[in-house]
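Notes follow once the structure below has been shown.
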Number of protein chains: 2
Amino acid sequence: MVIDCGDCPLRKLEGFQKVKPDELAFLKRFKVGELSVDKGAPILMEGANSPQLYTVLRGMGLRYKLLPNGRRQVVNFVLPGDFLGLQAGVMGEMKHSVEATTRMVLCVFDRSELWTLYKHHPEQAFDLTWLASIHEHFLGEALTSVGQMSAEQRICWGLLRFHERCNDAGLADGETCPLPYTQQDLADALGLSLVHTNKTLTKLRNRQILAWRDGYLRFLDREKAETSAMLERDTSRPRPLI
Amino acid sequence: MVIDCGDCPLRKLEGFQKVKPDELAFLKRFKVGELSVDKGAPILMEGANSPQLYTVLRGMGLRYKLLPNGRRQVVNFVLPGDFLGLQAGVMGEMKHSVEATTRMVLCVFDRSELWTLYKHHPEQAFDLTWLASIHEHFLGEALTSVGQMSAEQRICWGLLRFHERCNDAGLADGETCPLPYTQQDLADALGLSLVHTNKTLTKLRNRQILAWRDGYLRFLDREKAETSAMLERDTSRPRPLI
DNA sequence: CGACGCGTTGAAACTCGTCAATTGGTGTGG
DNA sequence: CCACACCAATTGACGAGTTTCAACGCGTCG
C-alpha cells in the first residue's frame with residue numbers, strides 16, 4: 001500500500017538527484033506514512049505550526065496567502081516532488097497556506113526528526129537549504145514578472161514555467177501538460193483580474209500561441225511565448241528529492 | 001583592523017541569536033577577512049559563481065534583476081546582518097545581482113568551507129536553511145504586495161518593512177531611519193513607475209503619514225501607514241547571524 | 001559655466017480593474 | 001426526467017489607476 005522510498009517513482013525521473021544507499025535508509029525511517037486528500041482540501045494553514053512535513057507524490061495544489069481585504073495571492077503551484085512545510089519546520093509557523101487542487105497523495109515525514117537530519121545527515125541538510133534556495137529563486141522571478149511585465153508577458157511566463165515543472169515531474173507530453181487550475185487561480189498567481197486574464201488568454205489562443213481547454217495546456221508556438229516571457233536560460237540541475 | 005567575530009557589534013543586538021563558544025570558534029575560522037566597497041560598486045553579479053560568501057557589517061545595498069528589455073526589479077534592500085551569496089553557494093550561481101548603495105563593509109567567508117559547516121556544525125547548517133526561509137517568506141510577502149495592493153499600500157508596506165529591518169539592525173531612531181535609496185530604487189522594488197511613486201509619496205507626505213527627505217525616512221502616523229499596508233503581525237524571533 | 005543626477009509637476013494615453021450579464025456544464029433534489 | 005442552483009468561462013461597457021512623455025528646478029561636481 002505505502003510506497004517504499006527505494007521504489008519512489010519520482011526518483012526514477014531525470015530531474016531528481018540520485019541518492020546513496022545510507023541516505024535512502026534514513027529517508028525510509030524519516031517517512032512515517034502517506035496522506036491522501038480530496039480535491040479542495042486544505043493541507044497546511046498560514047500561521048499553523050504543522051508537526052508534519054510532506055513531499056507530494058501525486059496530484060497538484062497551490063500555495064496562497066489571504067489578505068484582510070479578501071484578496072488572494074497564489075504564491076505558487078504545487079507539483080509532485082515538491083516539499084511542503086519546511087517554513088514551519090525552521091521558522092516555527094507557515095507563512096502561507098497550501099490546498100489541494102486535485103486529489104493528492106503525500107509522503108508524510110515526522111518533523112521532530114528534522115534535527116536528526118541536520119545532525120547526522122549533512123547531505124540531506126544541504127539538500128533542504130537547496131530546496132529553500134530554489135523557492136527563493138522562483139519567488140524572485142515571480143516578483144520580477146508581476147512587477148515588470150504586461151499581462152500577456154506574465155501569462156506566457158507563468159504557463160511556460162508551469163509546463164517546464166510538469167516536464168520535470170514527468171507529467172508533460174511534448175508541448176502539452178495538465179493544468180487543473182481555474183483562470184481565477186492563474187489570475188491570483190499573476191496579480192491580474194479574472195476578466196483581464198480571460199481576455200488575454202483569448203488573445204493568445206487567437207494568435208495561435210497557446211491553448212488551454214478541458215484542463216490541458218498546449219503550446220502551439222513556443223518560440224513566440226518564450227520571447228514574450230523573456231525567460232532567463234534554465235540552468236537547473238537535478239533537484240534534491242526528500 | 002579586522003573585527004573579531006566574538007566582538008561583532010551586530011551580535012550584541014537583540015534581533016540576532018546568541019551563539020555558543022564552539023560555534024563562535026568555527027565562525028572565526030570561517031571568516032577570512034573583510035571587504036570594503038565604495039558607493040555604487042557591484043558586489044555579486046547574476047549568473048556568476050562567487051567563491052566567497054559575505055555578511056554585511058556596515059552600509060546598505062540592493063539586490064536586483066535586470067530584464068532583457070532594460071527594466072529592473074529590485075528584489076530587496078540589503079542591510080547589516082544580511083548574508084550574501086548563499087544562492088551561489090548551494091545552487092551554483094547567483095540568480096540576482098547585488099550592489100552597494102552606500103559605502104559598505106562586508107565579512108568575507110570562504111565558500112569551500114561551506115561543506116565543512118554542513119558536516120560538522122549542524123546548528124549553523126540549520127541557521128542557513130533558516131536564512132533561506134526568511135528570504136522565501138519576505139519574497140512571498142513582496143509578491144503579495146506587488147500583486148494585490150495599490151501604489152499607496154505598496155509604498156506603506158515597503159517603507160514599514162524597511163523601517164522594521166533598520167530597527168533590527170540597530171539603525172532606527174524611534175520613527176526615523178536612514179533611507180539612502182533613490183525614488184527610482186523604491187519604484188523598481190514595488191513594480192511602480194518613478195513618476196507615480198513620486199506622486200504617491202507626495203500624497204503620503206501631505207497627509208502627514210510619512211516624510212522622506214535628505215536620506216531619512218520618518219513615520220508621522222504609523223497607525224495609518226500600517227492600516228494601509230495590511231501588515232501581517234510580525235512573529236519574527238531572533239534571526240541567525242552567520 | 002555646463003553637465004548630470006535626482007526630485008517634482010502637468011497632461012495625455014493606455015492598460016487593466018470593476019460591474020454586469022450571458023452561456024454551458026455539472027450535480028442535486030423533487 | 002426536469003427544475004434549479006452553482007461554478008467556470010466568456011463578453012461588453014465603463015472608469016480608475018497607472019504609465020509614458022515632457023519639462024523644469026535644484027544641487028553637485030568637474
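Note that the coordinates shown come from a computational prediction; the quantities given were computed from them, not determined experimentally.
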- Just do the salt bridge (Lys or Arg N to Asp or Glu O under 4.0 Å) check on A/Asp188 and A/Arg72 with the steps written out, would you? CA-CA 6 Å; A/Asp188 288 348; A/Arg72 178 182 72 154; 2.7 Å; yes
- Query: With side chains defined as the heavy atoms from C-beta onward, is the minimum distance between B/Asp38 and B/Met104 less than 4.5 Å?
  - Reply: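 They are not in contact (no side-chain heavy atoms under 4.5 Å apart), so the answer is no.
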- Those residues that, when tested against A/Phe109, pass ring-ring contact (aromatic ring centres under 6.0 Å, His included) (two or more places apart):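 Testing A/Phe109 for ring-ring contact (aromatic ring centres under 6.0 Å, His included), a comparison that skips the adjacent residues, returns A/Phe30.
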- Kindly write out the residues that satisfy ring-ring contact (aromatic ring centres under 6.0 Å, His included) with B/Phe138, not counting sequence neighbours, or none if the list is empty.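 Once residues adjacent in sequence are excluded, the partners of B/Phe138 under the ring-ring contact (aromatic ring centres under 6.0 Å, His included) criterion are B/Trp157.
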Between [N] atom [atom2] and [X] atom [atom1], what is the distance in whole Å?
X	N	atom1	atom2	value
B/His196	D/dC21	NE2	P	17 Å
A/Asn69	C/dG17	CG	P	14 Å
A/Asp214	D/dT10	CG	P	10 Å
B/Gln148	C/dG17	CD	C1'	12 Å
B/Met149	D/dG17	CE	C1'	15 Å

- Message: Tell me whether A/Glu141 is salt-bridged to B/Lys95, with the criterion being a basic N under 4.0 Å from an acidic carboxylate O.
- Response: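 No, this pair does not count.
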- Item | Pairing of B/Arg222 and B/Glu175 as salt bridge, 4.0 angstrom limit |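 Answer for the salt bridge query: yes.
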- Item | Check: A/Phe83 ring centre within less than 6.0 Å of A/Tyr54 ring centre |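 Not close enough - the centres of the two rings lie 6.0 Å or further apart.
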- Message: Aromatic contact between B/His96 and B/Tyr64, with the criterion being ring centroids under 6.0 Å apart: yes or no?
- Response: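 No: the rings miss the under 6.0 Å criterion.
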- Would you say A/Arg154 reaches C/dT15's phosphate, i.e. side-chain N/O to OP1/OP2 under 4.0 Å?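 Negative; the distance criterion is not met.
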- Message: Are there over 12 heavy-atom neighbours, none belonging to A/Met230, within less than 6.0 Å of that residue's CE?
- Response: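 Count over threshold, so yes.
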- Query: Does a sphere of radius 6.0 Å around CZ in A/Arg58 hold more than 12 heavy atoms from other residues, nucleotides or ligands, not counting ones at 6.0 Å or beyond?
  - Reply: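 Open.
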- Query: Bend angle of the helix from C/dC1-D/dG30 to C/dG30-D/dC1 from five-pair axes at both ends, rounded to 10°?
  - Reply: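 Between the axes fitted at each end of the helix from C/dC1-D/dG30 to C/dG30-D/dC1 lies an angle of 30°.
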- With sequence neighbours excluded, what pairs up with B/Thr202 under the side-chain hydrogen bond (donor to acceptor under 3.5 Å, both in side chains) test?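 For B/Thr202 there are no side-chain hydrogen bond (donor to acceptor under 3.5 Å, both in side chains) partners, ignoring immediate neighbours.
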- Item | DNA chain D-proximal residues of residues 181-194 of chain B, any heavy atom under 4.0 Å |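 The answer is B/Gly191, B/Leu192, B/Ser193.
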- For DNA chain D, what residues of residues 198-213 of chain B have any heavy atom nearer than 4.0 Å?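 Those residues whose heavy atoms fall under 4.0 Å from DNA chain D, taken from residues 198-213 of chain B, amount to none.
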